[in-house]
Number of protein chains: 2
Amino acid sequence: MGAAHKSNEIRIAEILRRRNLSVTDSRKKILSIFLAHPDALTHGSIEKQAGEKFDRVTVYRTLQAFEEKGIIHAIPSSDNNKRYALCKDCDEGHHHDEHVHFLCSSCGKTICLDDVVSPSIPLPEGYRVENVQVLINGVCRECKG
Amino acid sequence: MGAAHKSNEIRIAEILRRRNLSVTDSRKKILSIFLAHPDALTHGSIEKQAGEKFDRVTVYRTLQAFEEKGIIHAIPSSDNNKRYALCKDCDEGHHHDEHVHFLCSSCGKTICLDDVVSPSIPLPEGYRVENVQVLINGVCRECKG
DNA sequence: GTAACTGCAAAATATTTGCATCCTT
DNA sequence: AAGGATGCAAATATTTTGCAGTTAC
């Protein structure tokens, strides 16, 4: 086991412990999948990558726990396919998801642009704005070449 | 049958014919539900409002046809619940859905703010932007009072 | 040891498909 | 009359729930 791998193990355990989640095989595995993928993942793609090793129900419960504890956040989309991505600075019960999400029409990946914050948008009188999420469709850097 | 009702009937038939959809009971009913509701609707709420009169499968196929023909558009959300709203100026195969959508955390309604257009957002070099969708969470006018 | 987590079975829900019949044009 | 739309039945797929056994702490 190389040093890089070991430090990743430690990092994963820390993320879980900080949220009061016990460190189990399935959680380590699913979290490592997120850490290895910069793009957003669906339940289906996680189940596939995790292999036969984990029960489908465990994947559902793990994603739910991760979302509640602020490890991942759900990303808006127009289909019925819930996507999740790693949170940068989320806490339990509080998601900092006000950055832009980019959906590439070529490769189909959804990417968090953590550094691009949502703009403030002037609404008509009478609305209280709590959170602005932006979903941009287009062609990503890799696909545009 | 009053004049208002009659003109609505005519309006509905025109919308369907313009898209080369034959004018059937289920399509008239579902389209009338959309016309009567300013907020976005899920498959479930449409099925409920249509009553026992129509088969569940017909509702699926009707919504799919409406979306393809540009009568309604799907609205992004973070749950797994597809929402649809009437298009203002959509054509077959081309949705003008670049306006802001507002999700009220109090009443749960999703509202199209047709007059609030999506801002242009500067992205890092290398992305091609085709479409910007904005989803705002907050409290709507009715709930804020 | 105890509380939390997992896997299995099964239920509940949601969505899709094929086909015979009916309706719109 | 012909093609498209619907309803029904059934196949798939997705998500949730309960519970008994297992694991982390």
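Each chain gets a letter, A, B and so on, in the order its sequence line appears, and its residues count up from 1.
Rounded to an integer number of Å, the gap from CZ of B:R17 to C1' of D:dG4 is 15 Å. Here the P atom of nucleotide D:dA10 and the CG atom of B:D55 are 14 Å apart, to the nearest Å. Here C:dT17 presents its P atom at 17 Å from CZ of B:R56, a figure rounded to the nearest Å. Rounded to whole Å, the distance from CG on B:D79 to C1' on D:dT14 is 15 Å. Regarding B:F66, its CZ atom lies at a distance of 15 Å from the C1' atom of D:dG4, rounded to whole Å. If you take NZ of B:K29 and C1' of D:dT6, they are 17 Å apart, rounded to a whole angstrom. Note: CG (A:N81) to P (C:dT16) measures 12 Å, nearest angstrom. Between B:F54 atom CZ and C:dC22 atom P there is a gap of 18 Å when expressed in whole angstrom units.
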For side chain to side chain contact (heavy atoms under 4.5 Å, CB included), just list the numbers for A:F102 and A:I136, CA-CA rounded to whole Å, side-chain angles, deciding distance to a tenth of an Å, and then say yes or no. CA-CA 5 Å; A:F102 190 92; A:I136 299 182; 3.7 Å; yes
Intermediate values then yes/no, side chain to side chain contact (heavy atoms under 4.5 Å, CB included), B:H99 and B:H101: CA-CA 7 Å; B:H99 53 265; B:H101 292 106; 3.2 Å; yes
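At a cut-off of 3.5 angstrom, counting only N and O atoms as typed in the model, there is a donor on one side and an acceptor on the other between the side-chain of A:R61 and the base of C:dG7.
For C:dC5, the OP1/OP2 oxygens have a side-chain nitrogen or oxygen of A:R27 closer than 4.0 Å. Under 4.0 angstrom from either OP1 or OP2 of C:dC5 there lies no side-chain N or O belonging to A:T24. B:S22 has no side-chain polar atom (N or O) that falls below the 4.0 Å cut-off from OP1 or OP2 of D:dG4. Contact between the side-chain N/O atoms of B:T58 and the OP1/OP2 oxygens of D:dG7 is found at a separation under 4.0 Å. Using a 4.0 Å cut-off, no side-chain N or O of A:N80 falls inside it from OP1 or OP2 of D:dT14.
Within 4.0 Å of B:K53, counting heavy atoms only, lie sugar-phosphate atoms of the nucleic acid but no base atom.
The 5' end of DNA chain C is approached more closely, in terms of each residue's nearest nucleotide, by A:V57 than by the other of A:V57 and B:H43.
Set against C:dT16, C:dT6, D:dT14, the side chain of B:Y60 has C:dT16 as its closest nucleotide.
Between A:I33 and A:I46, the closest heavy-atom pair is CD1-O, 4.1 Å.
At least one side-chain heavy atom of B:E47 sits under 4.5 Å from a side-chain heavy atom of B:R56. Within the 4.5 Å cutoff, side-chain heavy atoms of B:L21 are placed close to those of B:I71.
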